Amino acid sequence: MEKKRTRFAPSPTGYMHIGNLRSAIFGYLMVKHDGGDFLLRIEDTDQTRKVEGAIEFIYDTCRLCGLEFDEGPLNGGPYGPYTQSERLDIYKKYAHELVEKGEAYYCFCTEERLDKLRKIAEDNHMAFMYDGHCKNLSHEEIEEKIKAGVPYVIRQKMTKEGVSTYEDVVYGTISVENRILEDQVLLKSDGYPTYNFANVIDDHLMHINVVARGNEYVMSTPKYNLLYDAFGWERPTYIHLPMVLGEDGQKLSKRNGDASFMDLYHEGYLPEAIVNYLALLGWSPVDNQEIFTLEELVKVFDPSRISKSPSTYDVKKLNWVNAYYIKKLSLEDCVKLVKPFLSEAYDLSDKSEKWLNELVRIYQNHISYGKEIVKETEMFFNKDINPDFECIEFMKDESIPKTIEVFKEEIENISEWSIPNISNAINNTKEKASVKGKMLYMPIRIKTTGVMHGPELPDTIYLLGKDIILERLSK
RNA sequence: GGUCGGUUGGUGAAGUGGCUUAACACACUGCCCUUUCACGGCAGCAUUCAUGGGUUCGAAUCCCAUACCGAUCACCA
């Protein structure tokens with residue numbers, strides 16, 4: 001069997017949202033499942049959108065996620081160059097080959113003429129379609145215009161009859177009537193190819209036989225196929241991926257959630273967790289397993305189990321997956337993850353490494369992403385605590401002043417500041433103030449931390465330190 | 001407007017004619033554990049699969065209409 005090869009083909013915009021990444025992941029899984037190749041190709045035929053450093057950015061993102069490219073603009077390969085703007089001569093050559101074959105033609109129509117046609121179509125509530133004006137120009141006419149320097153594009157001659165059909169791994173058989181296909185532009189007047197054209201040429205030349213991409217291409221795939229046919233090339237296997245929606249049911253954008261991988265990464269989400277979550281968006285395994293390493297995904301991935309309907313990006317579930325991965329981290333790695341956020345938010349200069357480790361240890365089970373620790377640990381860094389309404393309500397109980405009074409005394413009497421001794425202090429308070437359970441713990445917790453939830457109370461108190469505790473108890 | 005798709009709970013989803021009085025997971029709610037909250041464990045949470053018809057002994061699963069949502073119709077990718 002032929003080796004499977006697919007490509008991730010983004011435009012270099014310097015931004016990678018979750019939907020893009022998911023396409024890359026699915027392509028990667030699909031091909032690696034059978035030991036195939038995964039390559040990167042940069043689609044920069046629209047020069048206006050180019051962003052500096054975007055290629056490095058794509059490599060970085062994918063490397064973080066564990067997706068390594070077998071071939072690509074930075075690491076090379078046998079079918080380069082892998083950047084479309086460096087392949088202009090190739091496209092030109094193939095476009096002209098098509099003209100010679102009679103499958104394409106020069107078109108000298110001006111923008112004005114096309115705009116006029118478009119306007120007429122619009123007024124008649126019709127879809128605009130190029131009218132084939134230049135389809136039958138004579139050789140002489142063409143020669144003359146080219147010599148005169150009239151700008152031109154090359155358009156593909158489309159059949160108007162019949163139906164184009166192809167098999168999609170996800171969507172099954174897709175049929176489109178050829179009469180709705182227009183004579184698409186292959187080569188623009190600036191000498192650059194259109195996306196549609198460059199895509200087919202490159203995919204063929206790079207021996208791509210698996211094409212995984214968003215389902216916005218479902219409708220244009222017949223055009224690609226006609227191009228493959230015109231050259232007499234073999235068509236690839238198509239996998240069109242369902243769209244990823246934001247929580248508002250709209251297409252994912254920067255507005256409806258942190259749609260970019262880098263945003264998430266900079267919030268302290270783990271790439272493995274993001275990949276894991278993304279793989280589950282629109283795909284499900286045969287069994288009920290939900291936590292997967294990349295290797296496991298590669299092993300069990302089956303593209304026929306990709307769903308046809310769009311899926312909604314749900315941060316809550318991502319948080320759950322990410323929290324799971326954080327809990328599994330070694331303390332050392334967890335400190336590594338979380339420390340940059342802490343040192344960015346707070347002054348850590350007077351904190352020992354031991355203290356920091358201890359802090360992370362007691363919070364590791366409480367956070368779902370790295371940056372969350374900043375808010376959770378406020379009480380350790382800010383002098384003042386700000387109990388919310390619920391806390392204040394709770395503290396209105398009349399037994400509380402006495403509990404606090406007794407506990408404060410117990411704390412004062414502790415000679416050696418240690419977790420067992422703090423536990424004892426709590427225990428003694430229970431006896432002396434004759435309160436227990438919630439009415440024992442909650443007042444102390446709120447008074448010392450300002451919140452109702454948190455890690456083990458003795459641990460927290462220990463880390464806070466005797467001075468701060470006494471100060472807060474006195475207020 | 002034409003064309004092509006999609007529609008299972010708040011969310012991700014399983015399900016491809018009987019084993020489904022619809023799995024599993026997130027979220028939510030309750031209980032247990034812990035002398036507290038959380039963590040963890042357990043339980044509850046769609047009589048119903050957009051709606052209406054049809055095929056069938058039998059349908060979430062097949063067919064047809066309707067509704068809604070989306071994609072697409074460029075010298076953008």
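Because the structure is predicted, anything quoted here is derived from the model rather than measured. In the text below, chain A, chain B and the rest are named by the order of the sequence lines, each starting its count at 1.
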### Task
Ignoring backbone atoms, test whether A:Arg41 places a side-chain nitrogen or oxygen under 4.0 Å from the OP1 or OP2 oxygen of B:rA77.
no
### Query
Do NZ/NE/NH1/NH2 and the carboxylate oxygens of A:Glu409 and A:Lys432 come within less than 4.0 Å?
no
### Task
Tell me what A:Arg305 touches on the nucleic acid: a base, only sugar-phosphate, or nothing, going by heavy atoms under 4.0 Å.
sugar-phosphate
### Query
Just checking A:Ser220: base, sugar-phosphate only, or nothing, at a heavy-atom cut-off of under 4.0 Å?
nothing
### Task
Rounded to the nearest angstrom, tell me the gap between atom CD1 in A:Ile154 and atom P in B:rC75.
15 Å
### Message
Between A:Trp283 and A:Leu278 (side chain of the first, backbone of the second, donor and acceptor by atom type, cut-off under 3.5 Å), is there such a pair?
### Response
no
### Query
Taking the six-membered ring of A:Tyr130, is NZ or CZ of A:Arg155 closer than 6.0 Å to its centre and within 45° of its axis?
yes
### Distance, P atom - from B:rG10 to B:rC39, rounded to whole angstrom
24 Å
### Message
Is A:Arg155 close enough to B:rC75 that one of its side-chain N or O atoms is under 4.0 Å from OP1 or OP2 there?
### Response
yes
### Message
A side-chain contact here means heavy atoms from C-beta on lying under 4.5 Å apart; do A:Pro12 and A:Phe57 qualify?
### Response
no
### Query
CG of A:Asn178 versus P of B:rC73: gap in Å, rounded?
17 Å
### Message
Roughly how many Å apart are B:rA60 and B:rU51, using the P atom of each and rounding to a whole number?
### Response
11 Å
Provide a list of protein-nucleic acid N or O atom pairs under 3.5 angstrom, restricted to nucleotides 60-67 of chain B.
none

### Task
Starting from P on B:rA77, measure out to CG on A:Leu187 and report it in whole angstrom.
12 Å
### Query
Looking for any heavy atom pair under 4.0 Å, which part of the strands does A:Asn427 touch: base, sugar-phosphate only, or nothing?
base
### Closest listed nucleotide, where the reference is the side chain of A:Lys188 and the choices are B:rC37, B:rU3, B:rA77
B:rA77
### Message
Let me spell it out: for each of A:Ser423 and A:Thr110, pick the nucleotide of RNA chain B with the closest heavy atom. Which residue's pick is nearer the 5' end?
### Response
A:Ser423
### Message
For B:rU72 and A:Lys223 - does any side-chain N or O of the residue sit under 4.0 Å from the phosphate oxygens OP1/OP2?
### Response
no
### Task
Establish whether the base of B:rA77 is bridged to the side chain of A:Tyr217 by a donor-acceptor pair shorter than 3.5 Å.
yes
### Partner residues of A:Leu337 under the side chain to side chain contact (heavy atoms under 4.5 Å, CB included) criterion, sequence neighbours left out
A:Leu270, A:Ile326, A:Leu329
#### Entry: Lys/Arg N to Asp/Glu carboxylate O, A:Glu296 vs A:Lys299, below 4.0 Å
no
### Query
With no hydrogens and no angle check, is any side-chain donor or acceptor of A:Thr194 less than 3.5 Å from a backbone partner on A:Val185?
yes
### Partner set under side-chain hydrogen bond (donor to acceptor under 3.5 Å, both in side chains) for A:Thr312, not counting sequence neighbours
none
### Task
Report the distance from atom NZ of A:Lys430 to atom P of B:rU35, rounded to the nearest whole Å.
9 Å
### Query
When you compare B:rU61 with B:rU48, how far apart are their P atoms, in angstrom units rounded to a whole number?
15 Å
### Query
A:Val153 near the nucleic acid: base, sugar-phosphate alone, or nothing, with a heavy-atom cut-off under 4.0 Å?
base
Contact list (N/O, under 3.5 angstrom) for nucleotides 28-31 of chain B vs protein:
none

### Query
What interatomic distance, in whole Å, is found between C1' of B:rA50 and the corresponding atom of B:rU56?
23 Å
### Task
Rounded to whole angstrom, note down the P distance from B:rG6 over to B:rC62.
11 Å
### Query
For A:Gly214, which contact category applies under a 4.0 Å heavy-atom criterion: base, sugar-phosphate, or nothing?
nothing
### Message
Heavy atoms from C-beta onward define the side chain here; which of B:rC39, B:rA71, B:rG12 lies closest to that of A:Leu281?
### Response
B:rG12
### Query
So what does A:Lys308 touch, heavy atoms closer than 4.0 Å: a base, only the sugar-phosphate, or nothing?
sugar-phosphate
Report each atom pair, protein N/O against N/O of nucleotides 25-27 of chain B, whose distance is under 3.5 angstrom.
from   : atom 1 : to       : atom 2 : distance (Å)
B:rA25 : O4'    : A:Glu290 : OE1    : 3.0
B:rA25 : O2'    : A:Glu290 : OE1    : 2.3
B:rA25 : O2'    : A:Lys317 : NZ     : 2.9
B:rA25 : N3     : A:Lys317 : NZ     : 3.3
B:rC26 : OP1    : A:Trp320 : NE1    : 3.4

### Query
Of all heavy-atom pairs between A:Ala279 and A:Leu297, which one has the smallest distance, and what is that distance?
CB-CD1, 3.7 Å
### Task
Please state the C1' separation for the pair B:rC75 and B:rU16 - nearest whole angstrom.
45 Å
### Query
Under 4.0 Å: is that the gap between some side-chain N or O of A:Thr194 and OP1 or OP2 of B:rC76?
no
### Message
Measuring only the C1' atom in each nucleotide, how far is B:rA27 from B:rA13? A whole number of Å is fine.
### Response
14 Å
### Task
Would you mind telling me which of B:rU72, B:rC75, B:rC39 lies closest to the side-chain atoms of A:Ser189?
B:rC75
### Whether A:Tyr171 side chain and A:Lys308 backbone form a donor-acceptor pair below 3.5 Å
yes
### Ion pair A:Arg361/A:Asp459, N-O distance below 4.0 Å
yes
#### Entry: Under-4.0 Å side-chain N/O to phosphate OP1/OP2 contact, A:Ser284 with B:rA13
no
### Task
Check every atom of B:rA71, B:rC75, B:rC37 against the side chain of A:Arg445 and return the nucleotide holding the closest atom.
B:rC37
### Query
Which value, rounded to the nearest 0.5 Å, describes the distance between A:Leu280 atom CG and A:Gln289 atom CD?
9.5 Å
### Task
Specify the separation, in whole Å, of atom CE of A:Met442 and atom C1' of B:rU35.
13 Å
### Task
Give a yes or no answer on whether the side chain of A:Asn276 reaches the backbone of A:Glu290 with a donor-acceptor pair at less than 3.5 Å.
yes
### A:Met129 CE - B:rA74 C1' separation (whole Å)
13 Å
### Secondary-structure string, 5' to 3', Watson-Crick or G-U under 3.5 Å, | for another-strand partners, for RNA chain B
((((((((.[[[..)..(.....]]].(((((.......))))).....[[[[[..)....]]]]])))))))....
### Query
On the ring face of A:Tyr228, is A:Arg235 found with NZ or CZ under 6.0 Å from the centre and within 45° of the axis?
no
### Task
Under 4.0 Å between any heavy atoms, over every strand shown, what does A:Leu440 touch: base, sugar-phosphate, or nothing? Just pick one.
base
### Task
Name the nucleic acid region contacted by A:Thr312, choosing base, sugar-phosphate or nothing; use a 4.0 angstrom heavy-atom cut-off, strictly under.
sugar-phosphate
### Query
Ignoring hydrogens and geometry, is there a side-chain-to-backbone donor-acceptor pair from A:Arg41 to A:Gln84 under 3.5 Å?
no
### Message
Donor-acceptor check, side chain of A:Arg22 to backbone of A:Leu281, threshold 3.5 angstrom: yes or no?
### Response
yes
### Query
A:Tyr224 ring centre to A:Arg213 NZ or CZ under 6.0 Å, with the angle to the axis within 45°?
yes
### Query
Between B:rG52 and B:rA67, how far is it from one P atom to the other, in whole Å?
15 Å
### Task
Could you tell me the separation between the CE atom of A:Met219 and the C1' atom of B:rG70, rounded to a whole number of Å?
12 Å
### Query
Reckon A:Glu182 touches a base, only the sugar-phosphate, or nothing at all at heavy-atom distances under 4.0 Å?
sugar-phosphate
### Message
Rounded to whole Å, how long is the line connecting atom CD of A:Glu456 with atom P of B:rU36?
### Response
10 Å
#### Entry: Exam field: side chain A:Glu141 to backbone A:Leu137, donor-acceptor pair closer than 3.5 Å
no
